[in-house]
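Each chain gets a letter, A, B and so on, in the order the sequences are listed, and its residues count up from 1. The structure displayed is predicted, hence computed values, not measured ones.
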There are 2 protein chains.
Amino acid sequence: MRGLGLCRLLLDSGVDAPPSSRLPIVQAEKIGSSRRRIFRSREEVDGVPIICDGWIAVAAYLPNGRRQILSLGLPGDLLSVGTLFESRVNHDVEALTPVRYRLFDRVGLRENLLTSPKALSSFVTDCAEEVHRLNERVLDLGRRQADQRIARLILELMERLTSKRATPAQTFNFPLRQSQIADVTGLTAAYVNHVLKSFRTRGLIKFEKRSLTVLDATKLRWMVDQ
Amino acid sequence: MRGLGLCRLLLDSGVDAPPSSRLPIVQAEKIGSSRRRIFRSREEVDGVPIICDGWIAVAAYLPNGRRQILSLGLPGDLLSVGTLFESRVNHDVEALTPVRYRLFDRVGLRENLLTSPKALSSFVTDCAEEVHRLNERVLDLGRRQADQRIARLILELMERLTSKRATPAQTFNFPLRQSQIADVTGLTAAYVNHVLKSFRTRGLIKFEKRSLTVLDATKLRWMVDQ
DNA sequence: CGATTGTTTGATGAAAGTCAAGTACCGTGG
DNA sequence: CCACGGTACTTGACTTTCATCAAACAATCG
């Protein structure tokens, strides 16, 4: 599924080369430092942002101060398919780690979509993926228990992070704080801690210095289906 | 926002005229009866379905039997933007009322997207709307209380149903059962009943014979923001 | 090295779920 | 027209899950 999206197309056309030497659709390369807001809700963005390095979160805040993370962005992700056609972002975008991203020219990309069936179908793939992940999140929040939600998040991240490499790695960089896991899964940080502790004592996962290893993916997957 | 989507484009080009007299992209008109499954999860669909009449629900089932309604389809809605490019539906699609829908030729529509910038931007609008609604649902399920979720559902349906007419109507047809409201909002039927009762006794809404009138939209909106 | 930020833990309570029993509301066929 | 059966709605007692709060501890960073 992954790797067919628009991002891959852009990456293949040189998003990782120095911006000056590349396609005219690359506008700028930017840096965001950890824990900083990259875009504010309703802010104008003059380009389509694609993440080169680091993790970001798209988050919504309620009047009472509660927060929900709507999606996580990993390296190689389009910020959101909406940014391709709307110059405003609807939600806050925050850097979870130090982040490097590129802005692509919106008009140029749009024309590209009309002239290249390959680009169009890549874009549609991206849309479908975004909708699919959102559907899964709705299912999580609506009908799954706390431990299932967290298990699914871990498995999802493992797959997304290793889908590029040939071999899915059990150990990967995991910058998420417990409070951020809580805001993704609709729980509280304290309860996330309880669940993670039980995962650890049951030998399902292991943390050490910002990296996570999944010791028993099978049992995690089984748990999700109960 | 609404009315710019692909559906509107198709409707304007005669989706409501008899199928024989119309564009070649119309393949067939179908009927689904209330409470029946229209498409089964993973089933092949040979066309892009657009709802002419009636309500449908896209629903996911968990192994333990619990169910979550991922989205509601009202007259004039594309079933899901995914159907434009994938011939498989990912989830069950069920008729909530008697339903009339049309199947459009997928290849024809896809070519149309490549040749007509207007069609493309309509399609993108549809995507953006679907993602927007899903984001709102995630926010509901993750961070809002039961009464806020139900209030938002009522307000959302009111707006979607009356966005076509000039004047938003306070009273509209409301075929949803309490158990179905529960499956949309991630609650149980019994608890939905509690909340609806309190809405009624507080004079916020009124039910009579499958139609709902919103007596105090302002207070409902206020409740959502608390 | 201190200051900030994150983690761990437990006690307590509220929100929503579960279960069960009863009531109203159909549409159907006699 | 009524009796019947099924479905939806209503209600209350009881339980579970998760939130809230607080306090102590650990880790990280300038």
Side-chain angles (χ1 to χ4, degrees), chain A residues 33-36 55 57 62 64-69 94-98 140-151 153 173-202 205-212 223 226, chain B residues 33-36 55 57 62 64-68 94-98 140-151 153 174-202 205-212 223 226:
Chain A
S33 50
S34 185
R35 199 121 339 194
R36 277 269 148 58
W55 293 29
L62 289 172
N64 59 21
R66 305 178 91 186
R67 153 177 131 140
Q68 174 69 41
I69 291 181
E94 302 165 14
L96 300 176
T97 69
D140 273 359
L141 299 180
R143 291 300 186 211
R144 283 200 256 247
Q145 314 271 88
D147 56 346
Q148 298 177 310
R149 298 182 204 179
I150 293 173
L153 176 65
N173 199 28
F174 194 87
L176 286 185
R177 310 288 133 148
Q178 295 185 350
S179 67
Q180 293 163 342
I181 297 178
D183 286 340
V184 173
T185 53
L187 304 165
T188 57
Y191 203 68
V192 168
N193 186 281
H194 289 310
V195 174
L196 286 180
K197 185 192 174 185
S198 97
F199 281 10
R200 260 182 280 125
T201 59
R202 281 191 277 166
I205 59 172
K206 190 176 64 176
F207 280 102
E208 46 196 17
K209 102 163 201 40
R210 301 287 120 214
S211 100
L212 170 66
M223 180 191 303
Q226 290 324 292
Chain B
S33 52
S34 186
R35 201 122 335 201
R36 278 267 148 60
W55 293 31
L62 257 39
N64 59 23
R66 306 177 91 186
R67 148 177 138 143
Q68 174 70 41
E94 303 166 13
L96 300 177
T97 68
D140 273 358
L141 299 181
R143 290 300 185 214
R144 283 200 257 248
Q145 313 272 93
D147 55 347
Q148 298 177 311
R149 297 182 204 179
I150 294 174
L153 176 64
F174 194 88
L176 286 186
R177 310 286 134 151
Q178 294 184 350
S179 67
Q180 293 162 342
I181 297 178
D183 286 341
V184 173
T185 53
L187 303 164
T188 55
Y191 203 68
V192 167
N193 186 280
H194 288 310
V195 174
L196 286 181
K197 185 191 174 186
S198 98
F199 282 11
R200 260 182 280 123
T201 58
R202 282 191 276 165
I205 58 171
K206 190 176 65 179
F207 280 101
E208 46 197 16
K209 100 163 205 35
R210 302 287 123 211
S211 100
L212 170 66
M223 179 190 304
Q226 289 325 291

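- One can place CG of A:Leu212 at 16 Å from C1' of C:dT7, the figure rounded to the nearest angstrom.
- Counting heavy atoms of neighbouring residues, nucleotides and ligands inside a 6.0 Å radius, atom CZ of A:Arg202 exceeds 12 of them.
- Atom CG in B:Leu196 sits roughly 13 Å away from atom C1' in D:dA8 (whole-Å rounding).
- Annotation: the terminal axes of the helix from C:dC1-D:dG30 to C:dG30-D:dC1 meet at 50°, where each axis is the rotation carrying the C1' atoms of four end pairs onto the next four (5 pairs per end, rounded to 10°).
- Two residues are said to be in side-chain contact when any heavy atoms from C-beta on lie closer than 4.5 Å; A:Ile205 and A:Leu196 meet this criterion.
- Between B:Lys197 and the phosphate of D:dT10, there is no side-chain N or O to OP1/OP2 separation shorter than 4.0 Å.
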Exercise. Which letter, B, S or -, goes with each nucleotide of nucleotides 13-28 of chain D from 5' to 3', with contact meaning a protein heavy atom under 4.0 Å?
Worked result: -----BSBB-------
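- At a threshold of 4.5 Å between non-hydrogen side-chain atoms, the residues B:Glu94 and B:Gln180 do not count as touching.
- For B:Ile205 and D:dC9, the CD1 to P distance is 12 Å, given to the nearest whole Å.
- B:Gln178 pairs with exactly one of B:Asn193, B:Thr188, B:Leu187 by the side-chain contact (heavy atoms from CB on, under 4.5 Å) rule, that one being B:Asn193.
- To the nearest 0.5 angstrom, A:Arg143 atom CZ is 5.0 Å from B:Asp183 atom CG.
- Rounded to an integer number of Å, the gap from A:Leu96 CG to C:dT5 C1' is 15 Å.
- The side-chain hydrogen bond (donor to acceptor under 3.5 Å, both in side chains) test applied to A:Ser211 returns no partner, not counting sequence neighbours.
- Not one side-chain nitrogen or oxygen of A:Asn193 sits closer than 4.0 Å to the OP1 or OP2 atom of C:dT7.
- The CD atom of B:Glu208 sits 13 Å away from the P atom of C:dC25 (whole-angstrom rounding).
- Taking CG of B:Leu96 as the reference point, atom CZ of B:Phe174 lies at 10.5 Å (rounded to 0.5 Å).
- With rounding to whole Å, A:Phe199 atom CZ is found 17 Å from C:dT8 atom C1'.
- Between atom CG of residue A:Asp140 and atom CG of residue B:Leu62 there is a gap of 9.0 Å, rounded to the nearest 0.5 Å.
- Within the 4.5 Å cutoff, no side-chain heavy atoms of A:Gln145 are placed close to those of A:Met223.
- In terms of phosphate contacts, A:Gln178 brings a side-chain nitrogen or oxygen within less than 4.0 Å of OP1 or OP2 of C:dT8.
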